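Down below is the structure, laid out as structure tokens.
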Amino acid sequence: MQGEGIFSGLTEPQAEAVRHTEGALLVLAGPGSGKTRVITRRIAYLVECGIPPWQILAVTFTNKAAAEMRERVVKLLGSADGGTPQKGGGTRGLLVTTFHALCARLLRKYAGIAGVPGIDGNFVIYDTDDQMTLLKRAIETLELSTTNWPARSVLSKISDAKNKLLDAQAFAASPAGGDFYGRTLAKIYAEYQKGLRAADAVDFDDLLLLTAKMLEQHTEVREACRDRWHYLLVDEYQDTNKAQFEIAALLAGGERAAGGEANARPTNICVVGDPDQSIYAWRGADIGNILDFEDLYPGSRVIALGENFRSTQHIIGAADRLIRKNTRRKHKDLFTSNPVGDKVEVAICRDEHHEAALVVDWMKARKQDGTLNWKDMAVFYRTNALSRVIEDAMRAEAIPYVIARGTAYYQREEVKHALGYLRVVANPLDEVSLGRVVNVPARGIGDTTLGKIELWAGENGSGMFEALRQSAAGRGVAVGPKAAGAIGKFVAMIDVWRGLVPEGELGVGGVKGSLAELVEKVVRDSGLEAMYKAGRTDTDEERVQNLAELVSSAREFEEMYEPGSDPVLSKEEGIEASRHRGIEAVGTMGLLRAYLERVTLVSDADAVDPAQGAVTLMTLHAAKGLEFGAVAMIGLEEGVLPHSRVASNPAELEEERRLCFVGITRAMRRLLLTSSRYRTVRGITERTMTSRFIDELPREHVQLSDQSAWQEAGWDVPGRAEGRSTDLRPVSAEVKGLRVGIRVRHPQFGIGEVVGVTGGGDARAQVRFRDIGIKTLVLAYARLEKLD
DNA sequence: ACCGGTGCTCTCTAT
DNA sequence: GAGCACCGGT
């Protein structure tokens, strides 16, 4: 009886992967091959075999993937529990979480014991904005120019280093830190780290780097982890970077070919992934991790899941041919026994507006088929900037849509301010947050005053908050009486809030709603709410709404914060961790910290909720792991996909191709690829070239849309299309009084003189501008204003 | 101290 | 086309 449900409906390779529980296992899971099914069944199987769930750790990249996996395992084991529907079913202690949340948890639990330099268990996590602020400060401290050392690119260099497990010292000693540029970078890196530690903060990359180092250097922590988790599963393994690779390897223990001591127990590591879907090399992911898995774990088993259960034959055929162009991969045949289906449609559009209209029409047609609902459709694009025109078109046609940008809400100004206050409450050392909120709304603590206090703080080796407190009390640096009063009020306000959340009191089961109450109090007493209420614009009103929403989100978090439900810190774990710190239970402060952590670690992909009955708009990166009945991919142009920044680099070009592959393979039944002849980027309209990826698609699986504005030889076009295309060509602006010698104004290029005109289908004018010389402009797009 | 305007830069993907 | 730094007025 046991196990019957677990293996039902599985193909032989799938069942084999489920059954293989001991030793290292690599599952090469092509798109739509039932990967999640295999993973969840495998976990359920382990439990049914008698492995205690708390010995199993599954790691993913997004909260959503983790939540889905957990849910499906609970469902599987819930019924297998034999009618004892006790809370959590047979999954008590099972940990399914993301890399970042796992690291945060391990660091909070062990950083104190392991003596990880500079941080304790209460650290805050800095997001990209916070990183930039801190980094700019570091660059200024070193008296370097932010023009020569743009924070954006310096940050990416530091991030690269961290992902390769190079801390500031190691970076300085590495070849990259050798020349002048490298030495300066190393100095900035070190200064930046100093800032992070002073603020008791870690950035996203630190979470991974510090955890890897901690596991590597502290035997007792490593052993504690190995004692706890005997079965490790890593999803999307092709996207792991060096730090994540090390963490997985250190947790797995056992015998590895490179760099690890033998462990008493076998290496029960199971990694699942697909090299063809590796799309995160730019943030350090190393496709070699999956390609070389077998070498690193001798005796490992490899199971390839190539059969696709998601898409039609035409879609799979197109995807398979495209990805074969790549050289750095592990070949596996993609095949499906699904119906042939419709051919992949390609549409060449005039411009992005035509493209958007075409996509909207196409989706309306799918809806009218009666087979697909809005929620079954999605639009993918390479860059977020491309979503705008689509959004406008959707709004104009009243089609419900959602953008998968989970982080957008938390990046709004008002929300960032409110969270800034909360972070100062949780951690007064957090100087980035302190700096953000100290004078918002304006309360008379201006730059001059802050400058003085900062100087004093530096000289006296005190933190900013402490310096403010001293100043208000008349013991710090002298400031004007007005400023001193304002500072005093600010410090007192924070102190009151902190007093509301005494460490270690008010447990989860204690005062209900205390976190939400705190958030509400902060929003109100800080004056944030009043500030936006005083505004008259729609934006201000929206901001008040958003602040109210933040209170609700805190309440929601608080209510769902039940034992085992939180991947970051379950109740048992919280108590366990508290014991190390000598605290009885997770207080409201702990709850606040968990909430702030949660809020920082949300991902865009987490926001995808098909229940909403709306078309989903998202980047190709966010689309991985999802599927839709109908998919439209826009902007298949050279410079967009593949992106212009990778044009010359073969390895990066392959990644762009994989990105295209990921997009195509999300589609179950219908797929539309569009390319635009003209596209306006940063206000400049330019002629484009159709993406090479379209040319690489096999003609037998592809047809040109009859809505296409341009037709090309060699394309299979369905009937009735002849002549249609010309109707859609741009309406000529005529040579509307434009002739050589006339002066015109262009919104970007300024004033220029017409030096040539071409009439016909797409009337153009050559205009000489003072600064940039002669430009050929298509009159239908150029918005030229006649001056004479 | 604060606020609004201008002019400049730099454009991807994201936990 | 947006976000940021700088500047000048209130």
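What you are looking at is a predicted structure, and each value in this text was computed from that prediction instead of being measured. In the text below, chain A, chain B and the rest are named by the order of the sequence lines, each starting its count at 1.
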**Prompt:** Going by distance alone, is a donor N or O of one side chain under 3.5 Å from an acceptor N or O of the other, for A:Glu246 and A:Gln244?
**Reply:** no
**Message:** Regarding A:Phe61, tell me which of base, sugar-phosphate or nothing describes its non-hydrogen contacts under 4.0 Å with the strands shown.
**Reply:** sugar-phosphate
**Request:** Examine B:dT15: is either OP1 or OP2 under 4.0 Å from a nitrogen or oxygen in the side chain of A:Asn63? Give yes or no.
**Result:** no
**Message:** Does B:dT15 have its OP1 or OP2 closer than 4.0 Å to a side-chain nitrogen or oxygen of A:Ser603?
**Reply:** yes
**Prompt:** Given the C1' atoms of B:dC12 and C:dA5, what is the spacing between them in whole Å?
**Reply:** 24 Å
**Request:** Classify the nucleic acid contact of A:Asp205 as base, sugar-phosphate or nothing, counting any heavy atom under 4.0 Å across all strands shown.
**Result:** nothing
**Item:** Rounded interatomic separation in angstrom, taking CG from A:Leu135 and P from C:dC4
**Value:** 15 Å
**Message:** Any donor-acceptor pair under 3.5 Å linking the side-chain atoms of A:Glu637 with those of A:Tyr678?
**Reply:** no
**Message:** On DNA chain B, compare the nucleotides closest to A:Ile445 and A:Arg283; which residue's is nearer the 5' end?
**Reply:** A:Ile445
**Item:** Phosphate contact (C:dC4 OP1 or OP2) by A:Lys136 side-chain N/O below 4.0 Å
**Value:** no
**Request:** May I have the distance from A:Ile453 (atom CD1) to B:dA1 (atom C1'), rounded to whole angstrom?
**Result:** 14 Å
**Item:** Spacing between A:Asp447 atom CG and C:dC6 atom P, to the nearest angstrom
**Value:** 12 Å
**Asked** Rounded to the nearest Å, what distance is computed from the CE atom of residue A:Met132 to the C1' atom of nucleotide C:dA5?
**Response** 14 Å
**Prompt:** Are the ring of A:His643 and the base ring of B:dT13 both nearer than 5.5 Å at their centres and tilted by less than 30°?
**Reply:** no
**Complete:** Which of B:dA14, C:dA5, B:dC2 is nearest the side chain of A:Asn439? It is B:dC2
**Request:** Answer yes or no as to whether B:dC12 has its base stacked against A:Trp282, where stacking requires a ring-centre separation under 5.5 angstrom and planes under 30 degrees apart.
**Result:** no
**A:Tyr280 ring center near A:His621 ring center (under 6.0 Å)** = yes
Below 3.5 Å, can you tabulate the donor-acceptor pairs from side chains in residues 132-139 of chain A to any protein atom, sequence neighbours excluded?
| from | atom 1 | to | atom 2 | distance (Å) |
| --- | --- | --- | --- | --- |
| A:Thr133 | OG1 | A:Asp129 | O | 2.9 |

**Prompt:** Hey, is the side chain of A:Thr619 poking within less than 4.0 Å of OP1 or OP2 on B:dA14, counting only N and O atoms?
**Reply:** yes
**Proximal nucleotide (of B:dT15, B:dC12, B:dA14) relative to the A:Phe204 side chain** = B:dT15
**Message:** Using a 4.0 Å heavy-atom cut-off, does A:Asp127 contact any base of the nucleic acid, only the sugar-phosphate backbone, or nothing at all?
**Reply:** nothing
**Request:** Rounded to the nearest angstrom, tell me the gap between atom CZ in A:Arg658 and atom P in B:dT13.
**Result:** 18 Å
**Request:** Sort out for me which residue in A:Asp167, A:Asp203, A:Asp205, A:Asn241 forms a side-chain hydrogen bond (donor to acceptor under 3.5 Å, both in side chains) with A:Lys162.
**Result:** A:Asp203
**Request:** Scan side-chain atoms only and decide if A:Thr60 and A:Asp235 contain a donor-acceptor pair under the 3.5 Å cut-off.
**Result:** no
**Prompt:** What is the distance from CZ of A:Arg388 to P of B:dC12, rounded to the nearest Å?
**Reply:** 16 Å
**Asked** Taking for each residue the nucleotide of DNA chain B bearing the nearest heavy atom, is the 5' side occupied by A:Tyr280 or by A:Arg443?
**Response** A:Arg443
**Fill in**
Of B:dA1, B:dC2, B:dA14, the nucleotide closest to the side chain of A:Thr449 is B:dA1
**Request:** Could you check whether A:Thr128 gets within reach of a base, just the sugar-phosphate, or nothing at all, counting any heavy atom under 4.0 Å?
**Result:** base
**Prompt:** If only side-chain N and O atoms of A:Asn384 are considered, is one of them under 4.0 Å from the OP1 or OP2 phosphate oxygen of B:dT13?
**Reply:** yes
**Request:** Counting heavy atoms from C-beta on, name the nucleotide in B:dA14, B:dT15, B:dT13 closest to the side chain of A:Arg382.
**Result:** B:dT13
**d(CD, A:Glu413; P, C:dA2) in whole Å** = 16 Å
**Complete:** Whole-Å distance, A:Ile279 CD1 to B:dT15 P, equals 11 Å
